[in-house]
Amino acid sequence: GTSVKPRSPLYNKLLMVMALVVCATVGSAQGLPKRTLGKRLQRPTVSAAREQQLHTTTTNGVEWTYEVVDGGVFLGCACLCRKHSAVPQDTLGAIVVPEALEGMPVRSIGYGAFSCCSNLTSVTIPSNVKKVGFRAFSNCAGLREVILSEGVTNVESQAFWRCRNLTSITLPMSLKTIEISAFGDCRELRRVKIPSSVTTIRGAPFSGCSKLETITIPPCVKKMSDVISTWDGGTNIKEVVMYEGVTSIGRSMFERMTS
């Protein structure tokens, strides 16, 4: 009989690539979703249907954009998109997030809702707001004071990232979770007291806070490096208050401290 030569691995790979190209071409011609190879994902945008769900109202001289989710107000847009800010980016001075809009309680602050509002100097978040979302106040260059009222439970990743003039934060006893880089790169922040109510801290939320002098660590923290790393900030720390329960400070915690 005739023996069949096994195909080389390179030949098989070439066949697979050709098959993918053919599938993508045929799928595009038939109006099917086209598979993209090696392309960066586009930032999600607000669909036409979603745009119709957004509302605008004016309270205390400030125009607010929001979405209604389960009978409560979600400031900005509830999808992962920065197209709609909660307020105009030229909003000035101190701002108090309203407890309700159009008779509905404000429960969450959405992705990028106040991002790049460089003229904000102070923000107070009321007790009925439970979550401060991803990058909600990131890059607010003029922001100096943040007050989270009793009732706020979650501060999500990069919520106050790169607020480089922020000097004062008030964290309530209701707070449970502080996510990755929540206050990252806040270079003027000098004192932080994390309340003992906090049960989850992820990804060094105060890294890059290079002028931080005093920090109080809650019992949930087992390693200091979970809160702040000296490799991207924290070299100015003079005092660390640790509750009972912290078992490790991490090998590099004090390596680069200059004070």
Side-chain angles (χ1 to χ4, degrees), residues 75 82 94-95 97 108-118 120-125 129-218 220-221 223-243 246 250 253 256-257:
L75 289 180
R82 294 176 65 181
I95 195 170
V97 174
S108 295
I109 298 176
Y111 171 31
F114 295 85
S115 182
C116 299
C117 290
S118 300
L120 287 183
T121 58
S122 172
V123 61
T124 300
I125 298 174
V129 171
K130 303 305 177 189
K131 181 179 73 173
V132 182
F134 177 55
R135 290 195 175 183
F137 292 89
S138 66
N139 289 294
C140 289
L143 189 62
R144 295 194 296 271
E145 181 184 37
V146 171
I147 300 172
L148 304 183
S149 301
E150 289 293 337
V152 178
T153 59
N154 286 39
V155 179
E156 295 201 342
S157 299
Q158 299 183 354
F160 296 93
W161 181 61
R162 284 191 174 177
C163 294
R164 289 181 171 170
N165 285 299
L166 184 62
T167 58
S168 174
I169 59 172
T170 301
L171 302 177
M173 281 299 294
S174 58
L175 193 61
K176 301 296 182 188
T177 301
I178 307 176
E179 295 283 359
I180 300 167
S181 296
F183 295 91
D185 209 21
C186 293
R187 298 182 181 182
E188 293 298 322
L189 198 58
R190 296 177 186 271
R191 292 175 180 80
V192 172
K193 184 176 182 180
I194 305 173
S196 58
S197 60
V198 172
T199 56
T200 303
I201 292 179
R202 293 190 180 95
F206 294 94
S207 285
C209 299
S210 54
K211 292 186 180 179
L212 196 61
E213 296 176 354
T214 303
I215 186 166
T216 301
I217 306 300
C220 75
V221 175
K223 293 188 300 180
M224 282 291 296
S225 56
D226 291 341
V227 182
I228 184 169
S229 166
T230 57
W231 293 109
D232 46 7
T235 58
N236 202 44
I237 289 179
K238 296 181 174 69
E239 181 182 22
V240 177
V241 179
M242 293 180 284
Y243 290 96
V246 178
M253 184 58 214
R256 296 175 66 227
M257 289 186 182

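Quick caveat: nothing in here was measured; it's all calculated off a predicted structure. In what follows, every heavy atom counts, from backbone to side chain, and hydrogens, waters and symmetry copies are set aside.
- Rounding to the nearest 0.5 Å gives a distance of 5.0 Å between CG of Leu143 and SG of Cys163.
- Taking the side chain as every heavy atom from C-beta outward, Leu75 and Val97 approach each other to under 4.5 Å.
- A donor-acceptor pair under 3.5 Å links the side-chain atoms of Ser197 to the main chain of Leu175, judged by distance alone.
- Note that CG of Asn165 is 11.5 Å distant from CG of Leu189, once rounded to the nearest 0.5 Å.
- Phe183 approaches Cys209 most closely through the heavy-atom pair O-SG, 3.2 Å.
- Here CD1 of Ile178 is found 5.0 Å from CD1 of Ile194. Values are rounded to the nearest 0.5 Å.
- In this structure, Arg144 has no side chain to side chain donor-acceptor pair (under 3.5 Å) partners at least two apart in sequence or on a different chain.
- The minimum heavy-atom distance linking Glu156 with Phe134 is given by the pair OE1-N, 3.5 Å.
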Please test Glu188 against Arg164 for salt bridge (Lys or Arg N to Asp or Glu O under 4.0 Å), starting from the C-alpha separation and ending with a verdict. CA-CA 6 Å; Glu188 293 298 322; Arg164 289 181 171 170; over 6 Å; no

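- Here Glu145 contributes atom CD and Leu120 contributes atom CG; the two are 12.5 Å apart, rounded to the nearest 0.5 Å.
- Considering only heavy atoms from C-beta on, Val155 stays 4.5 Å or farther from Thr177 through its side chain.
- Residues that satisfy the side chain to side chain donor-acceptor pair (under 3.5 Å) test with Glu179, not counting sequence neighbours, are Arg202.
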Decide side chain to side chain contact (heavy atoms under 4.5 Å, CB included) for Ser149 and Thr124; before the verdict, give the C-alpha distance in whole Å, the side-chain angles of both, and the deciding distance to 0.1 Å. CA-CA 7 Å; Ser149 301; Thr124 300; 4.3 Å; yes

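- Between Pro195 and Pro172, the shortest heavy-atom distance links the atoms CG-O, 3.1 Å.
- Of the possible donor and acceptor atoms, one in the side chain of Ser115 sits under 3.5 Å from a partner among the backbone N and O of Ser138.
- Of all the heavy atoms in Val152 and Ser174, the pair that sits closest is O-OG, 2.8 Å.
- With sequence neighbours left out, the side-chain contact (heavy atoms from CB on, under 4.5 Å) criterion links Ala141 to Ser118.
- Rounded to the nearest 0.5 angstrom, Leu212 CG and Arg187 CZ are separated by 14.0 Å.
- With contacts defined as side-chain heavy-atom distances shorter than 4.5 Å, the pair Ile201/Pro218 qualifies.
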Could you go through the side chain to side chain contact (heavy atoms under 4.5 Å, CB included) check for Ile125 and Ile147 one step at a time? CA-CA 6 Å; Ile125 298 174; Ile147 300 172; over 6 Å; no

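- Expressed to the nearest 0.5 Å, how far CH2 of Trp161 lies from CG of Leu166 amounts to 15.0 Å.
- The two atoms that bring Lys193 and Leu171 nearest to each other are O-CD1, 3.9 Å, heavy atoms only.
- Every residue two or more places apart in sequence or in another chain that forms a ring-ring contact (aromatic ring centres under 6.0 Å, His included) with Phe114 is listed here: Phe137.
- Under the side-chain contact (heavy atoms from CB on, under 4.5 Å) criterion, Thr199 pairs with Lys176, sequence neighbours left out.
- By the 4.5 Å heavy-atom criterion applied to side chains, Val146 and Thr170 are not counted as neighbours.
- Judged purely by atom type and a 3.5 angstrom limit, Glu150 uses its side chain to pair as donor or acceptor with the backbone of Met173.
- In this structure the side chain of Phe160 never reaches within 4.5 angstrom of the side chain of Asp185, judged on heavy atoms.
- In this view, Arg191 and Glu213, Thr214 satisfy the side-chain contact (heavy atoms from CB on, under 4.5 Å) rule, not counting sequence neighbours.
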